[in-house]
S.K.: 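What follows is a structure written as structure tokens; I'll ask about it next.
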Amino acid sequence: TGSTRPQRILRAVQKNSTRGSPCSVVNAIDDYCKHKEWAMNVGDEKGIIVDDVVLELKPITVLELGTYCAYSTVRIANLLPPEAKLITLEFNAESAAIAREIITWAGLEEKIQLIIGASGDWIPRLKEEFGIETFDLVFLDHWKDRYLPDTKLLEKCGLLKPGAVLLADNVICPGTPDYLDYVRNSPRYKSKFYRSHLEYTQEEDGLEHSVFLGLYDNPNL
Ligand SMILES: Cc1cc(-c2n[nH]c(CCNC(=O)c3cc(-c4ccc(F)cc4)cc(O)c3O)n2)ccn1
Ligand SMILES: [Mg+2]
């Protein structure tokens, strides 16, 4: 039985990056996925936009939905202030195992909490089980049909405070039309689109940056 794509990515990281250097881990994954085999990391082009959002916002609590091989997990955690924490949810246990190895190799295990499971099951438990008040930044990069229901769930669970940022990958490809419609037309969000390309390709894609303004239209939520 051959190796899996995540296993090949881990091998490329261990071969072509320096332990404890998040930048070299990110570069090793990008090189592998550009020249050897495509993988669903946010990638270098959209990654620069993610970097800018993180550096501007300086979030203390970050939620990432969709870890995969921890490319964006490492990229974001590396830019966080010292006391900041990042919680990342991965559905697939095999990917999660590889992600955990890459997070450790990068030396970021203190900043990152990796949870294996479904967003819909875990979002309602985050306050209770991880002592989270609210998230300053949510990076949506999981199943594309879960972006909208999980955003509504985050609102319902009181996990967003005014000023919190939702940064959503793949809003064009594969696409999240119902989510885009919601954040662009709801009075609860100030939304803007960052045009880019699907990782390692010329296909159109982009990130949607949405600032939560509060539930003032429905205070009893
Ligand atoms: C329900 C739940 C789910 C999760 C969860 N864990 N891991 C993920 C990964 C999801 N990501 C993607 O599917 C994805 C796909 C493409 C793509 C694929 C094929 C193409 F042809 C073109 C583009 C590109 C991307 O950039 C992506 O991010 N979800 C975690 C928790 N709870
Ligand atoms: Mg993505």
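Order of appearance sets the numbers: ligands from 1, and atoms from 1 within every ligand. Predicted model, so just to flag it, every value in this text is computed and none were measured.
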S.K.: With side chain to side chain donor-acceptor pair (under 3.5 Å) as the test, would you mind laying out the steps for Gln7 and Thr4 before giving the verdict?
M.R.: CA-CA 5 Å; Gln7 284 169 330; Thr4 65; 3.3 Å; yes
S.K.: Are there any protein N/O/S atoms under 2.8 Å from the Mg ion (ligand 2), and if so, which?
M.R.: Asp141 OD1, Asp169 OD2, Asn170 OD1
S.K.: Do Asp141 and Lys46 make a side-chain contact, defined as non-hydrogen atoms from C-beta onward lying under 4.5 Å apart?
M.R.: no
S.K.: Output yes when a protein non-hydrogen atom is found under 4.0 Å of atom 20 (C) of ligand 1, and no otherwise.
M.R.: no
S.K.: Between OG1 of Thr176 and CD of Glu208, what distance do you get to the nearest 0.5 Å?
M.R.: 8.0 Å
S.K.: Without hydrogens or angle criteria, can the side chains of Thr88 and Gln113 be said to hold a donor-acceptor pair below 3.5 Å?
M.R.: no
S.K.: For the CG atom of Leu65 and the CZ atom of Phe139, what is their distance to the nearest 0.5 Å?
M.R.: 10.0 Å
S.K.: Ignoring angles and geometry beyond distance, decide whether Tyr68 reaches within less than 3.5 Å of ligand 1 through its nitrogen or oxygen atoms.
M.R.: no
S.K.: Cation-pi check, Arg125 to Trp122: give yes when NZ or CZ is under 6.0 Å from the six-membered ring centre and within 45° of the ring axis, no otherwise.
M.R.: yes
S.K.: Show the nearest heavy-atom pair for residues Cys173 and Asp205, with the distance to one decimal.
M.R.: N-OD1, 3.0 Å
S.K.: Within the structure, does at least one protein heavy atom fall under 4.0 Å of atom 6 (N) of ligand 1?
M.R.: yes
S.K.: Answer with yes or no whether Lys144 contacts ligand 1, where contact means a heavy atom under 4.0 Å from a ligand atom.
M.R.: yes
S.K.: Got a second to check how far Ser72's OG is from Leu86's CG, nearest 0.5 Å?
M.R.: 8.5 Å
S.K.: Heavy atoms only, cut-off 4.0 Å: how does Tyr71 contact ligand 1, side chain, backbone, both, or neither?
M.R.: neither
S.K.: Please determine if Trp38 has a nitrogen or oxygen closer than 3.5 Å to a nitrogen or oxygen of ligand 1.
M.R.: no
S.K.: Could you measure the distance from the CD1 atom of Ile29 to the NZ atom of Lys34? Nearest 0.5 Å is fine.
M.R.: 12.5 Å
S.K.: Need the ligand 1 atom indices (1-based, order shown) with element for anything under 4.0 Å from a heavy-atom of Glu199.
M.R.: 24 (C), 25 (C), 26 (O)
S.K.: Kindly write out the residues that satisfy side-chain contact (heavy atoms from CB on, under 4.5 Å) with Leu57, not counting sequence neighbours, or none if the list is empty.
M.R.: Pro59, Leu137, Val165
S.K.: So is Asn170 close enough to ligand 1, meaning a heavy atom under 4.0 angstrom away?
M.R.: yes
S.K.: Which residue and non-hydrogen atom of the protein lie closest to atom 1 (C) of ligand 1, and at what distance in Å?
M.R.: Trp143 CE3, 3.3 Å
S.K.: Taking the inter-plane angle between the rings of Tyr189 and Phe212 on a 0 to 90° scale, is it parallel (under 30°), tilted (30 to 60°) or perpendicular (over 60°)?
M.R.: tilted
S.K.: To which protein heavy atom is atom 12 (C) of ligand 1 closest, and what is the distance rounded to 0.1 Å?
M.R.: Met40 SD, 3.4 Å
S.K.: Roughly how far, to the nearest 0.5 Å, is CG of Leu140 from CG of Asn170?
M.R.: 10.5 Å
S.K.: Ser119 heavy atoms, cut-off 4.0 Å: which ligand 1 atoms fall inside?
M.R.: 1 (C), 2 (C), 31 (C), 32 (N)
S.K.: At what distance, to the nearest 0.5 angstrom, does CD1 of Ile102 lie from CD1 of Ile9?
M.R.: 6.5 Å
S.K.: For ligand 1, which atoms, with element, lie under 4.0 Å from some heavy atom of Gly117?
M.R.: 31 (C), 32 (N)
S.K.: Side chain, backbone, both or neither: which part of Asp141 has a heavy atom under 4.0 Å from ligand 1?
M.R.: both
S.K.: So do the side chains of Cys23 and Asn78 get within less than 4.5 Å of each other, counting heavy atoms only?
M.R.: yes
S.K.: Has Arg5 got its NZ or CZ under 6.0 Å from the middle of the six-membered ring of Tyr32, at an angle within 45 degrees of the ring axis?
M.R.: no
S.K.: Quick one: which ligand 1 atoms are inside 4.0 Å of a heavy atom on Ala118?
M.R.: 32 (N)
S.K.: Taking 4.0 angstrom as the limit and counting only heavy atoms of Leu89, give me the atoms of ligand 1 inside it, by number and element.
M.R.: 30 (C)
S.K.: Identify which of Gly66, Pro174, Gly43 has a heavy atom lying nearest to atom 23 (C) of ligand 1.
M.R.: Pro174
S.K.: Could you tell me, atom by atom, which parts of ligand 1 come under 4.0 Å of a heavy atom of Asp169?
M.R.: 26 (O)
S.K.: Is any N or O atom of Asn92, backbone or side chain, closer than 3.5 Å to an N or O atom of ligand 1?
M.R.: no
